[in-house]
There are 4 protein chains.
Amino acid sequence: MPKIVDEQTREATRQRILRVAASEFARLGFEQTNINLIAEQAGIGKGTIYLYFENKRTLFLEMLRFIAQAHLREIRAALGAGDSLRQRLEALFLAFVRLAEQESDSFHVFMSALYGVNRIFQQEAAALLREYVAAIAHLLAESRACGAMNVSELEASALMVLSVTESYVLAARVLGYPASVLASQAGAVADFVLHGLGTSDSHAGEREQGK
Amino acid sequence: MPKIVDEQTREATRQRILRVAASEFARLGFEQTNINLIAEQAGIGKGTIYLYFENKRTLFLEMLRFIAQAHLREIRAALGAGDSLRQRLEALFLAFVRLAEQESDSFHVFMSALYGVNRIFQQEAAALLREYVAAIAHLLAESRACGAMNVSELEASALMVLSVTESYVLAARVLGYPASVLASQAGAVADFVLHGLGTSDSHAGEREQGK
Amino acid sequence: MPKIVDEQTREATRQRILRVAASEFARLGFEQTNINLIAEQAGIGKGTIYLYFENKRTLFLEMLRFIAQAHLREIRAALGAGDSLRQRLEALFLAFVRLAEQESDSFHVFMSALYGVNRIFQQEAAALLREYVAAIAHLLAESRACGAMNVSELEASALMVLSVTESYVLAARVLGYPASVLASQAGAVADFVLHGLGTSDSHAGEREQGK
Amino acid sequence: MPKIVDEQTREATRQRILRVAASEFARLGFEQTNINLIAEQAGIGKGTIYLYFENKRTLFLEMLRFIAQAHLREIRAALGAGDSLRQRLEALFLAFVRLAEQESDSFHVFMSALYGVNRIFQQEAAALLREYVAAIAHLLAESRACGAMNVSELEASALMVLSVTESYVLAARVLGYPASVLASQAGAVADFVLHGLGTSDSHAGEREQGK
DNA sequence: TATGAATGAGATTTCATTCAT
DNA sequence: AATGAATGAAATCTCATTCAT
């Protein structure tokens, strides 16, 4: 079936474009990024890119979704990793540290979209943020300590957790903290969150660390 | 005899340009913002803007400092406002809510600079961030509960506090939380922080609120 | 399949741009010449010109080389034309008269580059001047009368010959001499040079003219 | 009489502007020269320059006349210096060498005007050229050897002399000849001219040099 | 007379997008 | 489907000149 081969080639080209685009958009920002250069680096013709993406804006948007899916996969893996809430919070924090370190391009793009000026981009980024929050809220809901919360309290708590993990990591990096130092703070951040949430689990967590 | 130009007139023009620039840069981003339009809206000629600012980049940078000073003043006022640590944390949170609501332009510009791609802008924004952190660290240091912390623990704690206040507010706004809802969460956030920091002050704080 | 563009079409466009550029640069000088107008007159889009030439400066430089080659071809043809030294000097002079008359654009451009302020242009023009001098020096060296000269004397002589031909023609034209009058002076100039060089050929030359 | 003092001050300012202008126009060309910078260097206000010269073009023109007068004074002095025709031709050549060396700014400006694209400037420069030619023609007419020439022959001869002196010097300098080498060629050039003109004076000239 | 702040026309160059092949 | 030559809109910044003081 030649159709499938073609389809595979097509998808491979699409992914190649998206990966190059992510790197370029992260490096230069939306405006300064040159579509023609993306085509060149992806090994295709200038015009070909328009057979895959309607225009520059659409390319950016789809690239945003592309990296968002990858991030979300990591976050979910981290949240499902350990046994205790504390372990999962640590894993979440460390996932952000790793992403900020190794996928800083993607992070740049994401933050630029989230707090940048283009409303379309912002909405897309906000959708991803919502999924983050939902995943964390789900985690908290499972934990017996938060059982009494109503939905909006739960969401607010999840957002606080996200702030003290993701935003903390990003801000720390902008301020020049090396990844190694950040990684060593995972326990402290987890404790901060657990105490902040007022869960009994927190003390167990501290005991686990031998404090 | 040279034309004696009022120093006040000059400063007034400068401020007018900065204010228009802040609004335009926030609305359109650095690249899309048109210098000519800024001049027009400021009621001056196209070339006149270059008598006040060397070029577009410099204008952006000075505008960034301009709004940074204004923000910092508010933050410092909030941090010096109440009696207890809890009151001050609430005031800090509410200050961010107010800024995000009423000066959302400035916030946009600041976040774009902080997480955008222009290193010069990023450094400038990071410098402001550092001042935020320093101000909060100073507050924590004053509080007896944190007396035992060393400097780097203090800074990390301050950064956590900033994350759960500023970033929380920004993320919440992107997710569509109205300012009124945010404002009502001031107490909860303050508690989260106090518990997280593990201060005895926290219980006093809760009592003050009659819980 | 890529668009197969005729190499001939490309070269034709290139030449069309160069010809229009020569005329415009000659008419208005480097600074006052408008790239947009060149594109328009060449029947292409504004941006297209940059597919052929990197920038305005490069266009000027290549245009300079373009006309330089054409001039040099004519000069060499003139110097290889007649039998006697005298005939060749006359042919040289007449070639300059013709060039100054029919290709005054090119001459303007060349002189502006030679005595203008742009060092890059000056160097390029000087390189052409050097080729002129070399061609004349070669002619003199072949003539038995100059056999005794050393290299630097030969070059100095060649430069004198060039001065009394090219510069004479240019100065005369600036002073308003019509081409016809100039043409009638070819013999006198040739004699001036021959006598000046002190060649025995000179008298033969005069005899040929029946003096 | 305060009027005279004012008049002197005014003239001094005028000359200062002209001198600065000559240097700037020579260095940068007409278009690239910045009037405001000239004012600054002349120690006056931007607007003041317009009290002395109508506009940039007029300033250039008057500057051209200013340096032309200076050159012409030197040329005339050279032509009236020695006893024999040969000595005067040598003096003329050496005057050009000195001017090209020490007043290369002025020469640049003059040549740019003469062969540049601005007709107004060209006419002014041509007028000076005409005065050069007239001065040389006068010299030749005085010499008994040229007594038989008619006016147009005389002018053509003068133009040839000018070409082999002035243009020779300029071309030589563009080609990189140092002034010292040029100066040493004065005798050879004078001989070239004398032989070229076919004057009996030439042999006397050579004898004078002890050849 | 002298000043210099203010003005705005003007031109090069970039790059997303089109479309003939 | 793929290509890349061609297009032209758009924007920063300079600087000659004006004019209020």
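The model shown is predicted, which means the values in this text are computed figures rather than measured ones.
When each of B:T33 and C:Y52 is assigned the nucleotide of DNA chain F with its nearest heavy atom, C:Y52 is the one assigned upstream, toward the 5' end. Between C:F30 and A:F30, the one whose closest nucleotide on DNA chain E sits nearer the 5' end is C:F30. Ranked by how close their nearest DNA chain F nucleotide is to the 5' end, C:G47 and B:Q32 are led by C:G47.
Atom pair D:Y50:OH and E:dG4:P shows a separation of 15 Å (rounding to whole Å applied). Atom pair D:I35:CD1 and E:dT7:P shows a separation of 22 Å (rounding to whole Å applied). Following rounding to the nearest Å, C:E7 (CD) and F:dG4 (P) show an atom-to-atom distance of 15 Å. Between D:L37 atom CG and E:dG4 atom P there is a gap of 14 Å when expressed in whole angstrom units. Distance, C:N55 CG to E:dT13 P: 5 Å, rounded to whole Å. Separating the CD atom of B:E11 from the C1' atom of E:dA5 is a distance of 16 Å, rounded to the nearest angstrom. Counting to the nearest Å, the P atom of F:dC15 and the CD1 atom of D:I49 are 14 Å from each other. Put simply, CZ on D:R14 is 18 Å from C1' on E:dA2, counting in whole angstrom units.
Counting only heavy atoms from C-beta on, C:K46 has its side chain closest to E:dT13 among E:dC15, F:dT17, E:dT13. If you check F:dA6, E:dA2, E:dA6 against the side chain of B:R10, the one that comes closest is E:dA6.
Aromatic rings of B:F30 and B:F121 (six-membered ring for Trp) have centroids within the 6.0 Å cut-off, being under it.
In a base pair of the Watson-Crick type (N1 to N3 plus N6-O4 or O6-N4) or a G-U wobble (N1-O2 and O6-N3), with each distance short of 3.5 Å, E:dA20 is matched with F:dT3.
In terms of modelled atom types and a separation under 3.5 Å, the side chain of D:T58 and the main chain of D:E54 share no donor-acceptor contact. Checked by atom type and distance alone, the side chain of B:T48 never pairs as donor or acceptor with a backbone atom of B:I44 at under 3.5 Å.
In this structure, B:R10 satisfies the cation-pi test against B:Y52, with its NZ or CZ atom closer than 6.0 Å to the six-membered ring centre and inside 45 degrees of the ring normal.
For A:N34, no side-chain nitrogen or oxygen approaches OP1 or OP2 of E:dT14 to under 4.0 Å.
Across all strands, C:N36 comes closer than 4.0 Å to base atoms (heavy-atom distances).
Between D:K46 and D:E40 there is no salt bridge, since no side-chain nitrogen of the basic residue lies less than 4.0 Å from a carboxylate oxygen of the acidic one.
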